[in-house]
Amino acid sequence: MEITVVDHPLAQSRLTILRDERTNNAGFRAALADLGAMLIYEASRDLPVEEFDVKTPITVADGHRLEDPPIIVPVIRAGLGMIDPALSMIPDAQVGFIGLARNEETHEPVPYLEALPEDLSGRNVFLVDPMLATGGSLLHALKLLVARGADNITAVCIISAQAGVDALENSGLPVRLVTTVVDPNLNEDAYIVPGLGDAGDRLYGPRNIDL
Ligand code: PRP
Ligand code: URA
């Protein structure tokens with residue numbers, strides 16, 4: 001599996017703000033939005049472009065635009081924090097939604113929403129979720145996308161645990177990963193170590209879904 005680790009100093013400084021337990025909800029959302037935009041920028045590097053002539057006030061120049069803007073799919077909740085930055089980078093992208101919540105005892109993802117285009121064949125799909133821990137949630141989401149014909153998927157995650165990276169790699173699914181860091185461990189509650197805690201809670205406050 002192709003993995004891109006964005007080790008740019010601005011990305012790493014935003015990551016540090018996200019990791020810092022003193023960062024409040026507003027600061028966390030802002031740093032996540034900045035870092036999300038940087039990762040989407042990197043994830044878009046090899047998207048096909050078409051060329052056209054653009055008339056400047058002086059003369060005609062070569063113009064470029066995305067041939068086929070990707071579809072952005074956030075894994076709700078925490079992935080919601082990456083939609084606005086993704087759309088600020090790619091304003092004409094389509095957006096689909098997958099809602100999953102990990103069961104705190106089994107650590108398995110429990111699905112509660114799927115709102116996706118019927119046919120994803122031939123499309124570039126950016127699956128965005130700040131956290132890749134055991135990999136259970138991302139694998140579930142990937143299977144939903146593949147079932148709709150997607151075969152060109154980029155997972156965009158702020159922090160990836162080695163266990164989640166291994167799970168993606170071993171799945172054989174058509175996915176590449178763009179991330180800011182690969183953290184070494186998971187704790188007994190399947191939280192990433194050192195990680196940043198619960199991304200959904202730090203964005204929006206504690207959730208209350210009956211699983
Ligand atoms: C978090 C995160 C991922 C998942 C990662 O969501 O946003 O979706 O956990 O864990 P995994 O790799 O072990 O599956 P969570 O289920 O906590 O829901 P939330 O975003 O609503 O808080
Ligand atoms: N989900 C999170 O939000 N954080 C983790 O560390 C693991 C799963």
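For the single chain, residues carry numbers from 1 onward in sequence order. Just so you know, ligand 1 is whichever comes first in the structure, and atom 1 is the first atom listed for that ligand. Computed from a prediction, not measured in an experiment: that's the story for all the values here.
Close contacts of ligand 1 with Gly136, meaning ligand atoms under 4.0 Å from a residue heavy atom, involve 12 (O), 14 (O). Those atoms of ligand 1 with a heavy atom of Asp198 less than 4.0 angstrom away are 22 (O). Set against the non-hydrogen atoms of Ala78, the atoms of ligand 1 under 4.0 Å away are 7 (O), 20 (O). Heavy-atom proximity to Gly135, at under 4.0 Å, picks out these atoms of ligand 1: 11 (P), 12 (O), 13 (O). Taking every heavy atom of Ala101 and a limit of under 4.0 angstrom, the matching atoms of ligand 1 come to 16 (O). Interface atoms of ligand 2 facing Ala190, defined by a heavy-atom separation under 4.0 Å, are 7 (C). Within ligand 2, counting atoms from 1 as listed, the ones closer than 4.0 Å to a heavy atom of Ala199 are 2 (C), 3 (O). Below 4.0 Å from some heavy atom of Arg102 lie the following atoms of ligand 2, by number and element: 7 (C), 8 (C).
Heavy-atom proximity to atom 9 (O) of ligand 1, evaluated over His140, Arg77, Arg102, is greatest for Arg102. Within the set Gly136, Gly164, Gly197, Pro130, the minimum heavy-atom distance to atom 4 (N) of ligand 2 is found for Gly197. Of the candidates Leu100, Val110, Asp129, Ile98, Asp129 brings a heavy atom nearest to atom 3 (C) of ligand 1.
In terms of protein heavy-atom proximity, atom 5 (C) of ligand 2 is closest to Tyr191 CD2, 3.3 Å.
Connection of Ile72 to Leu145 is not established within any shared hydrophobic cluster, with ILVMFWY side chains joined at heavy-atom distances below 4.5 Å, either directly or through further cluster members.
Side-chain contact check for Tyr204 and Asn25: no donor-acceptor pair (N or O, by modelled atom type) lies under 3.5 Å.
Considering backbone and side-chain N/O atoms, Val75 never comes within less than 3.5 Å of an N/O atom of ligand 1. The N/O atoms of Met131, backbone and side chain alike, include none that comes under 3.5 Å of an N/O atom in ligand 2. Looking at Ile192 next to ligand 2, an N or O pair under 3.5 Å apart turns up. Residue Asp201 places no N or O, backbone or side chain, under 3.5 Å from any N or O of ligand 1.
When all heavy atoms of Pro184 and Pro194 are compared, the pair lying nearest together is CD-CD, 4.0 Å. The minimum heavy-atom distance linking Ala133 with Ala161 is given by the pair O-CB, 3.6 Å. Closest of all the heavy-atom pairs between Thr179 and Val182 is CG2-CG2, 4.3 Å. Closest of all the heavy-atom pairs between Leu116 and Arg148 is O-NH1, 3.3 Å.
Judged purely by atom type and a 3.5 angstrom limit, Arg123 has no side-chain atom pairing as donor or acceptor with the backbone of Asp151.
A salt bridge links Asp201 and Arg77; the closest N-O separation between the charged side-chain nitrogens and carboxylate oxygens is under 4.0 Å.
Taking 4.5 Å as the limit, some side-chain heavy atom of Pro174 sits within range of a side-chain heavy atom of Val146.
Within a 6.0 Å radius of CD in Glu50, other residues, nucleotides and ligands contribute more than 12 heavy atoms.
Annotation: cation-pi geometry satisfied between Arg102 and Tyr191 (NZ/CZ under 6.0 angstrom from ring centroid, within 45° of ring axis).
The part of Ala133 lying near ligand 2 is the side chain, judged by heavy-atom distances below 4.0 Å.
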